[in-house]
K.L.:
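I'd like to ask you about the structure that follows.
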Amino acid sequence: MTGNGTETGLPGALSYLNIEIAEEYLEGVKQNLQLFYHHASIMEQSVRTDDPVAEYIIP
Amino acid sequence: MTTPDRIRTVHSGAQPALAWASEALDLARQFEGLNSLREVLADDAMEAASKVDLDPAGLPLAGMPFVAKDLFDIRGKPTLAGSKINLQHAPATQDATLVARMKAAGAVLIGISNMDEYAYGFVTENAHYGATRNPHDPSRSAGGSSGGSAAAVAAGIVPVALGSDTNGSIRVPAAFCGIYGLKPTFGRLSRAGSYPFADSLDHVGPFARTLTDLALTYNLLQGPDPRDPSCTAKAPSLVAPDLEPSFVEPRIGILDGWFQQGATDAVLESIERIAMAFRCVKTVSLHGAEAARSAAFCLTGIEGASLHKDHLRERAHDFDPAVRDRLLAGLMMPAHLLMQARRVRQKLRQEAQRLFEEVDILIAPVTPGAAPKIGEKTMLVDGREIPVRANLGLYTQPISFIGLPVLAAPVCMPGLPIGIQLIAPGWAEDRLFQVAAFLEQAGRIGAKPIPAIKAGASYS
């Protein structure tokens, strides 16, 4: 899977997951992947990988 | 007549439960065009009401009709969760805990309400079962994913409904339909027998048109449940819908920054109106809210996709396309992001704890604007066109991400319904009800009147 997961990497990732979907679905999946990566980017700017992890919510 | 008064007439025998169920079923038929109910349970409801009438004494909700979102187990029926795929599931062998508790209290289930497929959406536009229409403007969305429950309450079909909220799915439809919705603290109410979506984010709770009905129902839904390990062992904390004599005006924090970014003028005005009701009020910032919203967005996709992996592999074509594409994308998110989301959650939790040293209640809008038109794909926020379905939870997602209790309340304003979030520290739902009672007495919040919908209208 490529870094942005939107081009040649997408069929590869689906194949790895053993998921066969119609070609026509790919565009929608790509758009959603882009949305997820957009949010992942925002999220990652706010934390470091050695910050503590909340295992449970427990407000 | 208020719901408690009506319950008293069932107790006294003056008006039997059977008559109440019959009225609710008539209303459900009249307002069929709203598509709030996926299935009306007429025979079961009449049978249940007859049983209540045999011995109504001691039943706190004797005869009160209610509906449950399509993701709660109903004994004898497959739990569809708005899907076509689950039609092949075996019928539930017992009711979900919340449904069972309602029935044990004498409430009568009259229908199963429509929702976004697998609760993944904010609009209740379901590819298999149609869109639920907003009773206040049938060309508009009822919100989602518990839109059927909210619309049924707003239209006056039932006084109370059950829903679920993973990212805002009780709060958004409550706001759009002009009624109350309660998303309690994570773990407060049992999720046993409710079809999951994203395990670390899923909450369940009630809708109602009055604070009294909301409190009455919420009090009876509480309690430990051995069927749900995530449900608290704490004893029920009963809430009062009226101001207690000991009530002291709370310190209020109006959330700014992320929680006002992109809001329409009407939404900003609603917050202003609410703020003016209090003497001790200040503006505060929940730092990290945007990152938390993004983390909740990712976490939902990852957890939801994991749940549906087998169905995505075997029956991708049977999903609602809007849901399928998001779940497939979620399935391809790296595990690293799951850990990062948990780190964001820890930071936001600490930030919220810090804020609650300064204030007792936080207030924020539920949505950036009023209900969008059905079928509308994008909305304008801060001059940018963004997808409706994915973004109506901008202000709700950071709060449910850390499990805080929220009471969504309808603001008394002309025009389409607009809602606010009253947010308390964990386990302080009683505080929410007291502040809501104060605002209700001050005439600042209250359900929109039941709209005069043309009976039998198809709205097509």
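Below, chains carry the letters A, B, ... as their sequence lines are ordered, and counting in each starts from 1.
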K.L.:
Against chain A, label L331(B) side chain, backbone, both or neither, depending on which of its atoms sit under 4.5 Å from a heavy atom there.
P.N.:
both

K.L.:
Indicate yes or no for a side-chain donor-acceptor contact from S169(B) to the backbone of T166(B) under 3.5 Å, with no hydrogens or angles considered.
P.N.:
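Here the side-chain-to-backbone pair does not exist.
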
K.L.:
Pick whichever of H336(B), R326(B), R324(B) has the most heavy-atom pairs under 4.5 Å with chain A.
P.N.:
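So the answer, after comparing H336(B), R326(B), R324(B), is R324(B).
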
K.L.:
Enter the distance from K183(B):NZ to Q421(B):CD here, rounded to the nearest 0.5 Å.
P.N.:
9.5 Å

K.L.:
Which region of A292(B), side chain (C-beta onward) or backbone (N, CA, C, O), has a non-hydrogen atom less than 4.5 Å from a non-hydrogen atom of chain A, or is it both or neither?
P.N.:
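Contact with chain A: none, neither part.
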
K.L.:
Is there a side-chain contact between L299(B) and L338(B) in this structure, where contact means two heavy atoms from C-beta onward sitting under 4.5 Å apart?
P.N.:
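With C-beta onward as the side chain, the pair touches.
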
K.L.:
Side chain, backbone, both or neither: which part of S41(A) has a heavy atom under 4.5 Å from chain B?
P.N.:
neither

K.L.:
Out of R343(B), R342(B), Q340(B), M339(B), which residue meets the side-chain contact (heavy atoms from CB on, under 4.5 Å) rule with D51(A)?
P.N.:
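With D51(A) as partner, R343(B), R342(B), Q340(B), M339(B) yield a single side-chain contact (heavy atoms from CB on, under 4.5 Å), made by R343(B).
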
K.L.:
Could you check which of P387(B), A352(B), A341(B) has the highest count of heavy-atom pairs closer than 4.5 Å to chain A?
P.N.:
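Answer, by heavy-atom pair count under 4.5 Å with chain A: A341(B).
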
K.L.:
Any sub-3.5 Å donor-acceptor pair from H308(B)'s side-chain atoms to S306(B)'s backbone N or O?
P.N.:
no

K.L.:
Go through the atoms of H317(B) and report whether side chain, backbone, both or neither lie under 4.5 Å from a heavy atom of chain A.
P.N.:
both

